[in-house]
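Read through the structure below, which is laid out as structure tokens, and then see the notes.
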Amino acid sequence: TPQMTYSESDPGENETISSGFILVGFSYLGELQILLFLLLLVTYLITLMGNLLVITLVMLSSSLHTPMYFFLVNLSFLEICFTSGVVPQLLVHLLVEEKTISIAGCAAEMYVNTIMGLTECCLLAAMAYDRYAAICHPLHYTTIMSGRACAQLAGASWGIGISLEVAQTTWIFSLPFCGSHRIHHFFCDIPPVMKMVCADTSKIDILGYFITVLFIMGPFLMIILSYVYIISTILKLPSAEGRRKTFSTCSSHLMVVSLFYGTALFAYVLPNSSPTVENDQIVSLLNTIVSPMLNPIIYTLRNKEVKGVLSKILEKSLFSEKR
Ligand SMILES: *[C@@H]1O[C@H](CO)[C@@H](O)[C@H](O)[C@H]1NC(C)=O
């Protein structure tokens, strides 16, 4: 029976857990956890610096005060919160033997992670809508994407993320947990924590499906639909140069969406698709850690406008040093 594998300090199957959990995480790596620690530390620092750079560049440069960059700043802020909700705790756990987390800590981690995750889905859809309006309705773009509309779209994304995930997480943590303390994951994500609940979870599962279908798959379908319109509009453009230029205004967003949804679909929508716990963790790591790091890199390196602003600022600072 599975009980044989529990250590002696664990409570029995039916005993309620009130003290906290053990996040088994990457324990199976043994000494190699130090390497993962170093790798993640570098990744985390790059993520923080990259996203702060994006926020600073957009705020400093008036040529970047457009809807696309308004959403990008919002996304960068979100990515900082998203990754900071998981990585600092994971870094500590990679160094210590006792990978414990209190129930309150576990709940806090789940609030941050799920709110940011769901808000990101909605924000990416808002950004796709912005690209759709810019490319398919260029003459009405400034009226469709007014400052007010942008603020409302971003506000709605945060509103959906916060209200639904506060409800879902609060509900999960109102239920009793029992069995082994061990969570076979590196942070308190919904699927592994739900396995610790010993109560009827069918109603929460319904809420989970509702959120997944309407607010994770829904935005995804809206993004796909936007790109169907965008690509068919681009293909109708007469010159190859025009097609290339127009596509370049949405290619960064397309890459960011593919990265985020590609990993999120594997981690949440098809949670039983990977054969092992280890694979689940790696997909989850890509979604919560690698994707936030790559977003600012994609947007700064692939984007002429942002690169232009960056080189102007660098030139100015070099110039003023010489004088
Ligand atoms: C993101 O958008 C919301 C809603 O419009 C706004 O209140 C918030 O200040 C924005 N955050 C950043 C960092 O731009």
Side-chain angles (χ1 to χ4, degrees), residues 44-88 108 111-134 140-167 169 211 214-216 218-220 222-223 226 249-250 252-253 255-257 259-261 264 287-289 291-300 302-303 305-306 309-310 313:
Y44 184 54
L45 293 177
I46 294 175
T47 306
L48 291 185
M49 287 189 303
N51 284 295
L52 285 174
L53 178 71
V54 165
I55 294 175
T56 317
L57 284 183
V58 174
M59 288 188 167
L60 284 181
S61 166
S62 55
S63 71
L64 298 182
H65 287 175
T66 64
M68 181 162 121
Y69 294 106
F70 165 79
F71 288 121
L72 185 60
V73 165
N74 229 290
L75 186 70
S76 284
F77 171 72
L78 187 130
E79 298 284 22
I80 291 174
C81 303
F82 192 40
T83 195
S84 299
V86 170
V87 179
Y111 278 119
V112 173
N113 192 263
T114 56
I115 287 172
M116 299 307 154
L118 195 62
T119 304
E120 176 150 359
C121 292
C122 299
L123 210 50
L124 288 174
M127 293 171 86
Y129 180 68
D130 166 65
R131 293 297 82 208
Y132 159 79
H140 301 118
Y141 178 57
T142 45
T143 37
I144 300 174
M145 279 288 154
S146 61
R148 203 188 141 101
C150 292
Q152 282 172 344
L153 282 172
S157 303
W158 284 94
I160 289 170
I162 292 171
S163 56
L164 288 174
E165 291 307 341
V166 164
T169 302
I211 293 176
L214 280 187
F215 297 102
I216 297 179
F220 185 58
M222 287 203 288
I223 292 168
S226 301
T249 62
C250 62
S252 302
H253 176 255
M255 287 176 72
V256 166
V257 166
L259 200 64
F260 179 79
Y261 265 102
N287 183 245
T288 47
I289 290 155
S291 152
M293 173 181 73
L294 292 181
N295 288 356
I297 298 179
I298 291 171
Y299 266 98
T300 33
R302 291 187 44 88
N303 209 297
E305 285 172 298
V306 181
V309 168
L310 185 59
I313 290 174

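When a ligand or atom number is given, it counts from 1 through the structure's own listing order. The structure presented is a predicted model; accordingly, all values stated were derived computationally and were not measured.
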If the cut-off is 4.0 Å to any non-hydrogen atom of [X], which atoms of ligand 1 fall inside it?
X: Ala151; answer: 4 (C), 5 (O)
X: Phe77; answer: 13 (C)
X: Val73; answer: 14 (O)
X: Gly155; answer: 4 (C), 5 (O)

| field | Nearest-contact summary for atom 12 (C) of ligand 1 - protein heavy atom, Å | value |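 Going atom by atom, the protein heavy atom closest to atom 12 (C) of ligand 1 ends up being Asn74 ND2, 3.8 Å.
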
| query | Heavy-atom distance from atom 9 (O) of ligand 1 to the protein below 4.0 Å? | reply |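 False for atom 9 (O) of ligand 1.
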
| said: Taking the side chain as everything from C-beta on, heavy atoms only, tell me whether Tyr69 gets closer than 4.5 Å to Glu305. | reply: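 The answer is yes, as the side chains (C-beta and beyond) meet within the 4.5 Å cut-off.
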
| request: Report yes if some N/O of Ala154 lies less than 3.5 Å from some N/O of ligand 1; otherwise report no. | output: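 In fact, backbone or side chain, Ala154 has no N or O that close.
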
| field | Over 12 non-hydrogen atoms of neighbours within 6.0 angstrom of OH in Tyr141 | value |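 More than 12 within 6.0 Å, yes.
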
| Is a side-chain donor-acceptor pair under 3.5 Å present for Asn51 with Glu79? |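 There is no such pair (donor and acceptor under 3.5 Å, judged by atom type) between the side chains of Glu79 and Asn51.
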
| task | Indicate yes or no for a side-chain donor-acceptor contact from Tyr44 to the backbone of Met293 under 3.5 Å, with no hydrogens or angles considered. | result |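 No, because the side chain of Tyr44 does not come within donor-acceptor range (under 3.5 Å) of the backbone of Met293.
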
| said: The test is side-chain contact (heavy atoms from CB on, under 4.5 Å); show your working for Leu124 and Glu120 and say whether it passes. | reply: CA-CA 6 Å; Leu124 288 174; Glu120 176 150 359; 3.9 Å; yes

| task | Quick one: do Phe70 and Asn74 satisfy side-chain contact (heavy atoms from CB on, under 4.5 Å)? Show the steps, please. | result | CA-CA 6 Å; Phe70 165 79; Asn74 229 290; 3.9 Å; yes

